[in-house]
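Letters go in sequence order (proteins before strands), and every chain restarts at 1.
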2 protein chains.
Amino acid sequence: MATTPAATPPMLRRVNAGKLLSVLSTAGVMTGTGLIEATGLTRATVHAVCNDLIAMGWVVELDPGHDAPGTPVGRPSRRFEFNSQAGYVLGIDVGAAKTTVLLSDLRGETVAKTGRSFQSVKTPAEQTQVVNEAVLEVLAAADVTDSEVLAAGVGVAAPVDREGNILVDDEFWRRFDAGLTTRLTELHGWPVLLENDANLATLGEHWRGEARDVDDLVVLLAGERFGSGLMDSGRLLHGSRGGAGEMVYLKLVEGVGDTAGIARTAREQGAKAVADPTVKTSLRELAGSDPVTAELVFAAADAGDKVALGILQYVACRTARVLATLGILFNPELIVIGGAVAAAAESLLPSIRQQLATYTATPPRIAVSSLGDTIVSVGAVRRALNYVEQHALDLQLSSAR
Amino acid sequence: MATTPAATPPMLRRVNAGKLLSVLSTAGVMTGTGLIEATGLTRATVHAVCNDLIAMGWVVELDPGHDAPGTPVGRPSRRFEFNSQAGYVLGIDVGAAKTTVLLSDLRGETVAKTGRSFQSVKTPAEQTQVVNEAVLEVLAAADVTDSEVLAAGVGVAAPVDREGNILVDDEFWRRFDAGLTTRLTELHGWPVLLENDANLATLGEHWRGEARDVDDLVVLLAGERFGSGLMDSGRLLHGSRGGAGEMVYLKLVEGVGDTAGIARTAREQGAKAVADPTVKTSLRELAGSDPVTAELVFAAADAGDKVALGILQYVACRTARVLATLGILFNPELIVIGGAVAAAAESLLPSIRQQLATYTATPPRIAVSSLGDTIVSVGAVRRALNYVEQHALDLQLSSAR
DNA sequence: CGGATTTATATAGACTCTAAATTTAGATTC
DNA sequence: GAATCTAAATTTAGAGTCTATATAAATCCG
């Protein structure tokens with residue numbers, strides 16, 4: 001009948017141990033006294049908990065030494081350090097065209113990184129195969145075994161609900177392998193945490209990107225298609241079926257009309273201009289017989305091509321309108337623009353900001369991501385680390401004595 | 001240094017007492033055994049906590065009796081009941097044109113209700129005066145003293161952040177008295193909890209309206225202006241400055257263009273039709289020399305007036321587009337339409353649902369509020385009750401022995 | 001080498017919970 | 001009407017947690 005178990009004395013230890021571990025995992029080497037100050041616990045408790053954590057393998061004890069080097073008086077402190085090699089986590093971005101895989105230690109430092117194109121992939125099973133190859137590569141590169149990996153975060157370009165279930169009737173399914181997560185668990189025995197890519201991008205920016213210390217946040221993935229991750233008070237939104245942040249509403253927004261992102265709009269507009277013989281543009285010569293790319297449009301604009309500049313103005317206008325709707329409706333402190341074209345988007349920022357101000361008197365700050373093509377995989381690492389931190393005291397570490 | 005205090009043994013009691021109180025406050029009379037099942041605690045603990053709660057005044061003990069009437073064997077149980085008269089809370093809706101005030105017991109049952117028009121109000125101070133008169137009226141009607149009121153929730157049509165601070169540069173301020181909350185605290189000594197009206201409407205629908213058991217929810221206030229409250233996984237969104245749910249983005253939505261709600265659109269379109277001599281409509285005779293009202297347009301449409309029917313079609317189209325943007329971007333399970341015209345909106349539902357389906361393949365459920373003009377004040381009561389439940393074990397009850 | 005200083009460790013006390021034994025209040029049975 | 005049965009209340013013992021205080025240890029300094 002009881003919804004939550006009763007609160008018992010051992011739970012106190014659990015809470016305090018979790019707190020101590022969380023302090024240790026973010027700080028560096030800490031002395032007993034330092035932990036007392038950081039946690040509010042008594043010295044006796046701090047040491048008891050630390051002894052437990054050492055026995056479990058989460059913490060390592062260094063040689064005793066003094067905290068402040070200036071006044072080396074008194075008995076030297078015991079010194080504790082979070083054992084960032086107690087295990088590893090994987091962050092996997094399964095994109096439309098490629099996959100990016102990060103292997104990270106428990107402090108979030110990247111240990112190995114790789115990527116694979118999906119160019120030759122024809123069936124979902126092949127996709128899983130390619131992802132797994134990339135995973136095996138990073139494990140081998142860092143000499144990490146299956147049992148040392150404590151969790152894997154996986155990002156996909158489809159709605160994913162809070163339980164990690166993917167929305168079945170999504171077009172992404174044409175390519176994506178439904179069995180990926182279960183297959184990874186089968187092969188390696190890891191907990192696999194599936195999440196929407198834009199949501200992971202938001203976790204990534206919040207953790208290691210432009211949005212540190214920003215708890216009311218929107219991240220706009222703006223490459224091929226617009227996608228958004230929404231965070232309110234430090235929590236990701238999901239909606240009832242994982243669809244929160246879905247951008248199909250843009251077909252109702254004047255001057256936007258569809259979910260085509262910056263790269264796609266630039267490319268399509270460029271191709272249109274090239275195809276029209278009455279338009280005079282250097283894009284035609286630059287492209288030659290190859291199809292026009294977004295990069296080409298940005299380059300031409302840089303070189304002063306009027307048509308390319310016009311296209312970028314149009315892109316900036318669309319983006320400003322997208323940012324305006326999100327900024328007004330969610331009232332984030334900051335919106336971060338990420339995705340393949342984030343770097344190029346930098347040059348559009350002044351124009352975007354200026355137009356944004358015409359839609360709202362209190363616009364959010366706008367920034368461009370500096371995480372590049374790891375924006376999703378970094379977030380996937382964070383997702384996996386969240387899981388590990390939550391379950392730390394239940395996990396059996398292979399390094400535990 | 002410590003961000004949160006250390007977990008100590010007395011906190012266990014606090015947690016368990018809180019849980020027991022929360023079970024008791026929602027259930028009716030409970031026996032010791034029933035509480036054991038509901039909380040997972042031991043009999044010894046249940047009784048110890050109950051004795052504490054009785055001493056504090058939160059719980060009353062009834063004469064012992066048997067739980068199941070069929071088999072009255074064994075020693076009769078002690079029977080406990082949440083003392084819903086241990087205190088009271090106020091729910092206050094400060095609207096643009098009027099205020100609604102509810103006095104409720106701790107179980108959320110309305111004890112007294114009243115309202116006041118702001119028609120004669122000219123200054124902010126007068127507004128506070130009118131609100132306070134209404135408050136005094138409900139207190140007198142239920143014979144409740146200041147010290148028995150444990151909290152007051154107040155809803156206003158302006159952005160309010162998580163700390164209860166109102167956004168200063170809002171047009172609502174022309175009428176609203178900034179000093180209302182501090183004045184109420186000064187006069188009566190209550191904690192006053194300020195919150196945005198649409199957010200409170202969302203709490204209200206979630207608690208006592210159409211959205212019970214729905215944790216991913218949007219409530220659209222659709223009277224004079226569109227306003228929305230957003231709930232994800234049972235939590236209200238606020239954004240960084242309380243602006244979450246703000247609808248100014250509608251000026252960017254095709255076929256909507258501004259935040260005018262159902263009532264205002266119907267009224268204005270009606271007036272426009274009447275003013276145009278080339279338009280043939282029964283509205284002209286119905287209105288006579290008075291200005292056209294939304295009610296009049298609805299009535300004329302009911303009677304078959306073509307122009308009025310056309311206006312309603314336009315209103316339904318606008319509303320469907322608003323619902324589509326919210327439904328797609330937040331993916332709520334349900335959107336509830338509330339506000340002054342909620343009842344009339346019922347007739348538009350089929351048309352709205354049909355159009356909504358053209359914008360998204362997975363539309364949310366749409367419902368119309370049945371809370372009428374108490375939608376905000378009921379939510380304000382819930383807000384106040386949340387506060388009381390959170391602080392229950394710290395509060396000094398005047399009824400405590 | 002002894003005093004000062006800081007930290008570590010050990011001990012005692014308070015508070016909480018659970019678990020098991022004992023008592024109690026009423027109904028049932030003989 | 002006394003013995004019996006039953007379910008709940010109460011009591012008691014035990015284990016886990018924390019804090020607070022006392023004692024021991026390790027290092028520096030003169």
Side-chain angles (χ1 to χ4, degrees), chain A residues 1-2 4-21 29-55 59 61-81 393, chain B residues 1-2 4-21 29-55 59 61-81 393:
Chain A
M1 271 307 111
T4 30
T8 54
M11 287 187 189
L12 285 180
R13 174 53 65 94
R14 238 194 108 79
V15 169
N16 286 328
K19 190 169 170 183
L20 209 49
L21 192 59
V29 177
M30 300 229 30
T31 66
T33 309
L35 289 171
I36 290 167
E37 285 168 4
T39 60
L41 294 164
T42 312
R43 174 161 256 116
T45 308
V46 165
H47 280 121
V49 170
C50 280
N51 289 339
D52 288 355
L53 291 174
I54 289 168
V59 170
E61 184 162 5
L62 283 64
D63 287 336
H66 278 291
D67 199 8
T71 54
V73 275
R75 177 173 176 170
S77 322
R78 289 177 69 182
R79 293 192 297 178
F80 306 98
E81 187 174 26
L393 303 173
Chain B
M1 272 303 113
T4 28
T8 54
M11 285 187 190
L12 285 180
R13 175 53 63 93
R14 237 195 108 80
V15 169
N16 286 328
K19 189 169 171 183
L20 210 50
L21 192 58
V29 177
M30 302 239 8
T31 66
T33 309
L35 289 171
I36 290 168
E37 286 167 4
T39 60
L41 293 163
T42 314
R43 175 160 257 117
T45 308
V46 165
H47 281 118
V49 171
C50 280
N51 289 340
D52 287 356
L53 292 174
I54 289 167
V59 170
E61 184 163 5
L62 283 63
D63 287 336
H66 278 290
D67 199 7
T71 54
V73 276
R75 178 172 175 170
S77 323
R78 289 177 68 180
R79 294 194 296 179
F80 307 98
E81 186 174 27
L393 303 173

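Contacts of B:V15 classified as side chain to side chain contact (heavy atoms under 4.5 Å, CB included), with partners at least two apart in sequence or in another chain: A:A7. In this view, B:E61 and B:R78 satisfy the salt bridge (Lys or Arg N to Asp or Glu O under 4.0 Å) rule, not counting sequence neighbours. Evaluation of the side-chain hydrogen bond (donor to acceptor under 3.5 Å, both in side chains) rule for A:R75 yields no partner, not counting sequence neighbours. Shown here are the side chain to side chain contact (heavy atoms under 4.5 Å, CB included) partners of A:P76, two or more places apart in sequence or in another chain: A:P64, A:H66. A search for side chain to side chain contact (heavy atoms under 4.5 Å, CB included) contacts involving B:P10 returns B:T8, not counting sequence neighbours.
Closest heavy-atom contact between B:V59 and B:F80: CG1-CB, 3.9 Å. Annotation for A:R79 and A:D63: closest pair NE-O, 3.1 Å, computed over non-hydrogen atoms. A:L53 and A:A17 get closest at one heavy-atom pair: CD1-O, 4.3 Å. Considering every non-hydrogen atom in both A:G18 and A:L393, the closest pair reads N-CD1, 3.8 Å.
Note: CD1 (B:I36) to P (C:dA19) measures 12 Å, nearest angstrom. Straight-line distance from the CD atom of B:E61 to the P atom of D:dA8: 15 Å, rounded to whole Å. At whole-Å resolution of the value, CZ in B:R79 and C1' in C:dA25 are 15 Å apart. To the nearest angstrom, P of D:dA9 lies 7 Å from CZ of B:F80. As a whole-Å value, the separation of B:H47 NE2 from D:dA7 C1' is 12 Å.
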Any N/O pairs under 3.5 Å between the protein and nucleotides 14-18 of chain C? List them or say none.
{"from": "C:dC17", "atom 1": "OP1", "to": "B:N16", "atom 2": "ND2", "distance (Å)": "2.9"}
{"from": "C:dC17", "atom 1": "OP2", "to": "B:R13", "atom 2": "NE", "distance (Å)": "3.0"}
{"from": "C:dC17", "atom 1": "OP2", "to": "B:R13", "atom 2": "NH2", "distance (Å)": "2.6"}
{"from": "C:dT18", "atom 1": "OP2", "to": "B:T42", "atom 2": "N", "distance (Å)": "3.2"}
{"from": "C:dT18", "atom 1": "OP2", "to": "B:T42", "atom 2": "OG1", "distance (Å)": "2.5"}
{"from": "C:dT18", "atom 1": "OP2", "to": "B:T45", "atom 2": "OG1", "distance (Å)": "2.8"}
{"from": "C:dT18", "atom 1": "O5'", "to": "B:T42", "atom 2": "OG1", "distance (Å)": "2.9"}

Nucleotides 23-26 of chain D: which of its N/O atoms have a protein N/O under 3.5 Å away?
{"from": "D:dA25", "atom 1": "O4'", "to": "A:R75", "atom 2": "NH1", "distance (Å)": "3.3"}
{"from": "D:dA26", "atom 1": "N3", "to": "A:R75", "atom 2": "N", "distance (Å)": "3.4"}

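Taking 4.5 Å as the limit, every side-chain heavy atom of A:T39 sits out of range of all side-chain heavy atoms of A:N16.
Taking five base pairs at each end of the helix from C:dC1-D:dG30 to C:dC30-D:dG1, the local helix axes there meet at an angle of 30°, rounded to 10°.
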Distance-only check: which donor-acceptor pairs under 3.5 Å involve side-chain atoms of residues 41-50 of chain B, not counting sequence neighbours?
{"from": "B:R43", "atom 1": "NH2", "to": "B:T33", "atom 2": "OG1", "distance (Å)": "2.5"}
{"from": "B:H47", "atom 1": "ND1", "to": "B:R43", "atom 2": "O", "distance (Å)": "3.3"}

